[in-house]
Each structure stands twice: as structure tokens, then as C-alpha cells.
Amino acid sequence: MFKNPKDNNIVSRLIFHLDLDYFYAQCEEIRSPELRNHPLVVCVYSGRNPDSGVVSTSNYKAREFGVKSGMPIKIAKSKLANEDAEFLPIDMSYYNHLSILAMEFVRKIADAYEYVGIDECYADFSRYSGSDFSRARKIADFIKSEIKVSTNLTCSIGVGPNKLVAKIASNFQKPDAITIINPQEVKAFIARCDIEDIPGIGPKNRIKLESSGIESVSHLAKFDLFRLKELFGYKIATYLQNAARGIDDTPIRPHVSKQIGRIVTLKNDVTNIENIFPILSSLSSLVYDTLMTRQLSFKTIIVRVVLHNLRQVTCSRNLKLSSTSIEELQNIARSLFLEAIHLHSLSFLDVRRIGITLSDLSSYTGQNKILQYFAEGSRNGNQESNKNNKL
Ligand SMILES: [Mg+2]
């Protein structure tokens with residue numbers, strides 16, 4: 001339908017944006033189904049005191065009471081004071097495992113795949129579908145049911161002729177939904193969106209736009225570009241006007257990140273090496289899981305130590321060859337940490353935060369390791385693999 005009959009070139013792209021619904025909280029509901037009917041809040045505890053930290057994500061039941069991401073745990077607790085609510089610590093290793101299982105399926109069948117985050121990806125299905133939008137629902141249904149079977153997760157999928165429209169569409173009727181916007185519908189679809197539905201427009205930019213009299217997407221679409229450039233600068237103004245018209249030419253970018261890193265704040269009672277090593281191992285597993293999700297190998301490992309006085313000490317090692325070995329990563333992380341302690345004559349009490357970063361990343365070609373990882377996950381089934389992947 002959208003092919004050029006002469007040379008068979010694809011003339012319209014068919015892009016998916018997939019978003020795993022209320023991801024961390026949904027993962028916890030899968031692990032403990034009895035929590036489904038309760039407000040559930042996944043928290044990043046800073047460890048300073050039992051309630052210090054912020055909300056990472058929450059299920060829809062908790063959202064009904066006004067709980068939001070980024071909110072201090074204390075405030076979330078006060079909002080849910082009269083409810084039988086559950087507050088759980090974040091368990092990235094487990095979420096990573098479910099994310100790998102879910103996203104790997106999309107990555108395998110799509111023409112091109114872009115990792116956006118642990119719960120989000122873009123995928124190009126132009127060739128797969130022959131750019132035939134009438135096939136999009138079947139593909140989306142197929143992906144949703146495969147993800148459901150392998151992980152029990154629900155997701156929302158948006159389909160459009162570009163990344164922008166696909167992203168707005170996936171958010172359009174969350175959760176557990178499919179929204180398909182074919183090329184002929186783009187203009188009308190964008191025009192009925194709220195101005196904050198456009199990625200990059202938040203409350204601040206809305207105010208800025210409104211102060212210039214721009215109150216709707218359709219108004220933004222026809223607003224004088226010269227004046228828009230005066231307000232926002234050339235780059236942003238062009239993006240905004242194109243977005244309001246549903247135009248976006250950005251390609252699917254297979255690998256965008258140059259580094260993968262994680263850092264944690266230590267509790268006050270971490271005073272010796274026996275307590276630090278398990279934390280380094282957990283950090284190694286977290287960065288390794290992300291590395292595997294993106295099918296990358298690493299060549300450089302950096303261990304970062306932040307002291308109580310906020311001074312930073314880093315030690316790094318460059319490998320001769322790219323690696324995908326978690327054992328190598330864990331051993332080097334330990335020795336780099338010890339190197340940092342000895343080189344700078346630090347005591348464990350000085351250490352406030354530690355982090356591991358992998359860089360010099362390149363595409364991972366050997367499939368054995370990752371296939372083995374998936375095979376283990378599916379052999380164990382969801383409940384079993386959850387246990388195995390808990391930190
Ligand atoms: Mg999500």
C-alpha cells in the first residue's frame with residue numbers, strides 16, 4: 001500500500017513505540033500477585049533513615065491517591081496512611097531480567113530496534129510489514145501476547161509513521177493498549193492532543209507557549225516560525241513546529257549510549273570489606289544485565305568512590321579485548337575498589353557512595369551467552385527466576 005510500485009522502495013515508515021506499563025510496580029505485582037489489589041509503591045531508599053528517599057514508580061491504585069514518581073516516600077506514606085498499601089525497595093536486577101525477556105522478542109523480529117530505557121523501546125517494522133498499516137494491529141497483538149506469555153507483563157504500543165507519533169500514541173490510552181495512527185490520520189491525531197503530550201513540552205514550556213498566545217497544538221503548528229525561533233532558539237523552535245505537525249525524521253538508533261553505569265549510596269554501617277564486596281557484586285550484576293539487554297561488550301571498567309566530604313576517587317582498567325564476562329567484571333571491580341582504597345589511604349568509613357561504569361562499548365556479536373541467559377530464565381519460569389535474580 002505504501003510501496004513505490006516501480007522500485008519496491010518503502011515510502012512510509014511503520015514505527016512502533018513500546019512501553020511496559022507502570023513497570024517496576026507491575027514487576028512486583030507479578031512476583032506477588034496478592035499485591036495487585038493494593039496501592040503498591042516501589043521506592044528508592046537512601047538508607048539514611050527508614051523513610052528517606054523517593055518514589056520510583058507506583059501502580060494505578062496508588063496513583064489514585066496522588067502518589068507520583070519522584071515524590072518523597074514520607075509524602076507518599078501520608079497520602080496512603082489509611083490504605084493497606086505496600087512499600088517495596090527497588091530490585092533492579094529482577095526488573096532488568098523481565099525487561100530483557102520482554103524486549104528481546106521485539107528486538108529479534110523488528111527490522112531495527114532502539115533501546116530507550118528499561119521499560120521502553122522503538123522498533124521499525126517497515127520492511128516486516130511492507131509498510132502496510134493494516135497489518136500493524138496483528139503485529140502489535142502478537143508482540144503483546146508473546147510478552148504476556150514470557151513475562152506476564154502488559155504493555156502499551158503506539159504505532160505511527162515516525163518515532164514522535166508512535167511515542168505519543170503509546171501514551172494515548174495506557175495501560176494495556178494499542179493505538180495505531182496511520183499516515184493519513186497523523187494531522188487530525190496531533191491536532192487533538194494536549195500540548196503537553198508533545199515530548200519535551202512540560203509545564204514550564206506550556207507556560208512559555210501560552211504567554212505567547214499558543215494554547216493548542218494546532219495553533220503551534222501554524223504559529224509564525226520566525227517568532228517561535230525568537231522565543232526558543234532555532235533548534236527547539238523547528239522541533240516544536242514540526243512536532244505539532246506530526247513531522248519527525250529521526251531514525252531508529254540501534255545503540256545510543258556510550259557508557260553504562262550505576263552508583264549506590266552506602267548505609268552508615270558499611271565499615272569493612274566483607275560488607276562492600278556483596279554491594280560491588282550487585283552493582284556488577286546490574287550493569288551487566290543492562291549490557292546484555294543492549295547486546296554490548298565492554299572494554300573499560302571504572303570504579304568510582306565518593307567520600308563523605310564529597311571528594312571523588314576513580315580507578316579504571318582498559319582491557320586488551322572487549323569482554324562479556326561477568327566474572328571478569330566482578331573481579332576487576334573488586335581489585336579497582338581495593339586499588340582506590342590503598343592508593344588514597346582511605347578507610348571504609350570514608351566511603352559514602354560507590355559506582356561502576358562500563359565504557360568503550362561495542363556491539364556484541366556472540367549469541368551464546370545471552371541465549372543461555374534467556375534459556376535459564378524461561379526454564380525457571382517467572383516465579384523461580386524471580387528468586388534467582390533477586391539481589
Ligand atoms: Mg513504562
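In each ligand, atom 1 is the first atom listed, and ligand 1 is the first ligand listed. Along the sequence shown, the residues carry numbers beginning at 1. The analysis underlying the following values was restricted to heavy atoms, covering all of them including side chains, and did not include hydrogens, waters or symmetry mates.
Looking at residues two or more places apart in sequence or on another chain, you find a side-chain contact (heavy atoms from CB on, under 4.5 Å) between V313 and V305, L307, R311, A340, H344, L346.
Checked against the 6.0 Å centroid criterion, the rings of Y60 and Y22 qualify as a close aromatic pair. Side-chain rings of F189 and F172 approach one another, their centers coming within less than 6.0 Å. Two rings, from F133 and F125, have their centers 6.0 Å or more apart.
The distance cut-off of 2.8 Å around the Mg ion (ligand 1) captures these protein N, O or S atoms, sorted by chain and number: D19 OD1, L20 O, D119 OD2.
Using a cutoff of 4.0 Å between basic side-chain nitrogens and carboxylate oxygens, D194 and R206 are scored as salt-bridged. Using a 4.0 Å cut-off between charged nitrogen and carboxylate oxygen, K144 and D176 count as a salt-bridge pair.
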